2 protein chains.
Amino acid sequence: MRLTTKGRYAVTAMLDLALHSRTNPVTLTDIAARQTISLSYLEQLFARLRRADMVKGVRGPGGGYTLSSDANNINIADIIAAVDEPIDATKCGGEANCQNEKACLTHDLWMGLSAQIRQYLKSITLGDLIAKQLAQETAIVKSEEIVNIVELHKTNELHSIL
Amino acid sequence: MRLTTKGRYAVTAMLDLALHSRTNPVTLTDIAARQTISLSYLEQLFARLRRADMVKGVRGPGGGYTLSSDANNINIADIIAAVDEPIDATKCGGEANCQNEKACLTHDLWMGLSAQIRQYLKSITLGDLIAKQLAQETAIVKSEEIVNIVELHKTNELHSIL
DNA sequence: TAATTGTTGACTATTTTACTTGGTTACGTA
DNA sequence: TACGTAACCAAGTAAAATAGTCAACAATTA
């Protein structure tokens with residue numbers, strides 16, 4: 001999991017799409033204008049999002065893009081993963097052929113950390129962000145997910161990281 | 001908070017330093033060799049770490065670098081923050097002068113997310129990683145910190161994100 | 001004094017990011 | 001059927017970040 005501005009562009013565009021494609025498809029031209037992102041750059045991002053089957057393209061007049069599934073089923077982690085290159089698996093890419101244990105230690109640290117952050121971003125959906133947008137007030141905290149994360153903290157995940 | 005390979009280099013180097021500077025300073029040449037990182041690149045990273053007062057340089061023969069404080073007081077978030085450029089605060093950099101609310105929504109999302117991840121990385125210290133290295137077995141889970149994170153999840157933080 | 005190591009600055013190469021240009025293809029509508 | 005619209009696609013480019021090189025200088029120890 002890598003966190004850069006590229007991923008933020010994608011999340012912003014997807015949120016814009018989720019907010020405006022309730023009835024009709026939304027054109028990239030519209031999104032580009034609203035979010036001040038270059039149209040062609042958006043095209044490249046959406047090519048990846050389409051290959052990841054997160055959006056559907058509709059050609060011709062009245063066309064544009066729609067979400068492939070419900071906003072509540074699209075999480076932030078998947079959006080970022082779709083547009084970001086996978087982070088290079090360091091020198092000892094899982095082959096365990098590194099001479100010194102320390103390199104593998106930080107490798108494990110980073111992989112575990114990524115998994116942790118990924119899990120967190122996976123718990124937030126576009127639907128959550130829309131709810132915030134529509135309600136514009138204190139949001140409903142999704143207690144179950146948080147509890148799950150905590151349990152994982154206490155049992156599995158942290159064991160392999162720390 | 002930005003997560004790239006640069007930050008990982010820094011964390012790896014700092015962990016190597018923490019593991020080897022128990023008695024004497026450690027030269028960057030040694031770290032470069034062990035972790036297969038270019039010496040001059042390490043020099044640049046350590047220049048920033050020194051300015052952030054996280055390491056101390058000792059010149060001359062027998063010199064090298066040592067940690068400025070105890071490994072238990074150096075957390076991962078600070079290391080990454082020291083070497084990474086601060087992420088550009090988007091177009092509407094806190095000035096709240098953006099025309100459309102959506103841009104600000106994702107801006108808030110990203111800032112909150114960064115704070116969340118930062119808090120998580122702040123709860124892990126070099127000492128924790130050393131303990132793992134030395135014990136090489138199931139680590140002690142720092143329950144208090146985790147509980148704190150959870151409480152923040154439930155009360156303050158998520159409100160502003162979701 | 002000589003060797004060692006940090007410190008600094010300037011410079012280069014590679015990769016990623018962000019954007020541009022110029023097409024083609026599919027589709028709806030006049 | 002012709003036309004406009006918008007997705008789709010393939011290059012290439014500019015700027016930035018990443019990663020690394022080279023060379024000089026400063027402090028310290030033996």
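Model, not experiment: these values are computed from the prediction. In what follows, every heavy atom counts, from backbone to side chain, and hydrogens, waters and symmetry copies are set aside. Residue numbering restarts at 1 for every chain, and letters A, B, ... go by the order of the sequence lines.
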Check the pair B:Leu121 / B:Leu3 against side-chain contact (heavy atoms from CB on, under 4.5 Å), numbers first and verdict last.
CA-CA 11 Å; B:Leu121 293 179; B:Leu3 288 186; 4.2 Å; yes
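- The CG atom of B:Leu15 lies 7.5 Å from the CD atom of B:Gln35; values are rounded to the nearest 0.5 Å.
- Within the 4.0 angstrom heavy-atom criterion, only backbone atoms of the sugar-phosphate kind lie near B:Thr27; the bases stay farther away.
- A straight line from CG of A:Leu3 to C1' of C:dT16 spans 16 Å, rounded to a whole angstrom.
- B:Thr66 and B:Pro25 make their closest contact through CG2-CA, 3.7 Å (heavy atoms, listed as atom of the first residue, atom of the second, distance).
- Under the 4.5 Å side-chain criterion, counting only non-hydrogen atoms from C-beta, A:Met14 is in contact with A:Val55.
- OP1 or OP2 of C:dT5 has not a single side-chain nitrogen or oxygen of B:Tyr65 nearer than 4.0 Å.
- Against DNA chain C, the stretch residues 73-82 of chain A makes no heavy-atom approach under 4.0 Å.
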Please tabulate, one pair per line, all N/O donor-acceptor pairs under 3.5 Å involving side-chain atoms of residues 42-54 of chain B, not counting sequence neighbours.
from, atom 1, to, atom 2, distance (Å)
B:Arg48, NH1, B:Glu85, OE2, 3.3
B:Arg48, NH2, B:Glu85, OE2, 2.6

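- One distance of note links OG1 of B:Thr125 with CG of B:Asp128; it measures 3.5 Å at 0.5 Å rounding.
- Counting only residues at least two apart or on different chains, the ring-ring contact (aromatic ring centres under 6.0 Å, His included) pairs with a member in residues 21-45 of chain B are B:Tyr9-B:Tyr41.
- Across all strands shown, A:Leu39 has no heavy atoms under 4.0 Å from either base or sugar-phosphate atoms.
- Not counting sequence neighbours, the partners of A:Asp70 by the side chain to side chain donor-acceptor pair (under 3.5 Å) test are A:Asn72.
- For B:Asp78, the side chain to side chain donor-acceptor pair (under 3.5 Å) partners two or more places apart in sequence, or in a different chain, are B:Asn75, B:Lys122.
- Pairing each heavy atom of A:Ile130 with each of A:Arg22, the nearest pair is CG2-NH2, 3.2 Å.
- For A:Val11, the side chain to side chain contact (heavy atoms under 4.5 Å, CB included) criterion is met by A:Ile76, A:Ile79, A:Ile80, B:Leu109, B:Trp110, not counting sequence neighbours.
- Linking Ile, Leu, Val, Met, Phe, Trp and Tyr residues whenever their side-chain heavy atoms come within less than 4.5 Å leaves A:Tyr65 and A:Val58 in two separate clusters.
- Near DNA chain C, meaning a heavy atom under 4.0 Å from it, residues 42-56 of chain A has A:Gln44 in order of number.
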Protein-nucleotides 13-18 of chain D N/O pairs under 3.5 Å:
from, atom 1, to, atom 2, distance (Å)
D:dT18, OP2, B:Lys6, NZ, 3.4

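- When all heavy atoms of A:Gly7 and A:Val83 are compared, the closest pair comes out as CA-CG2, 4.1 Å.
- As a whole-Å value, the separation of A:Leu28 CG from D:dC9 C1' is 13 Å.
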Within the sub-3.5 Å range, which N or O atoms of nucleotides 24-30 of chain D have a protein N or O partner, and how far apart are they?
from, atom 1, to, atom 2, distance (Å)
D:dA27, O4', B:Arg59, NH1, 2.8

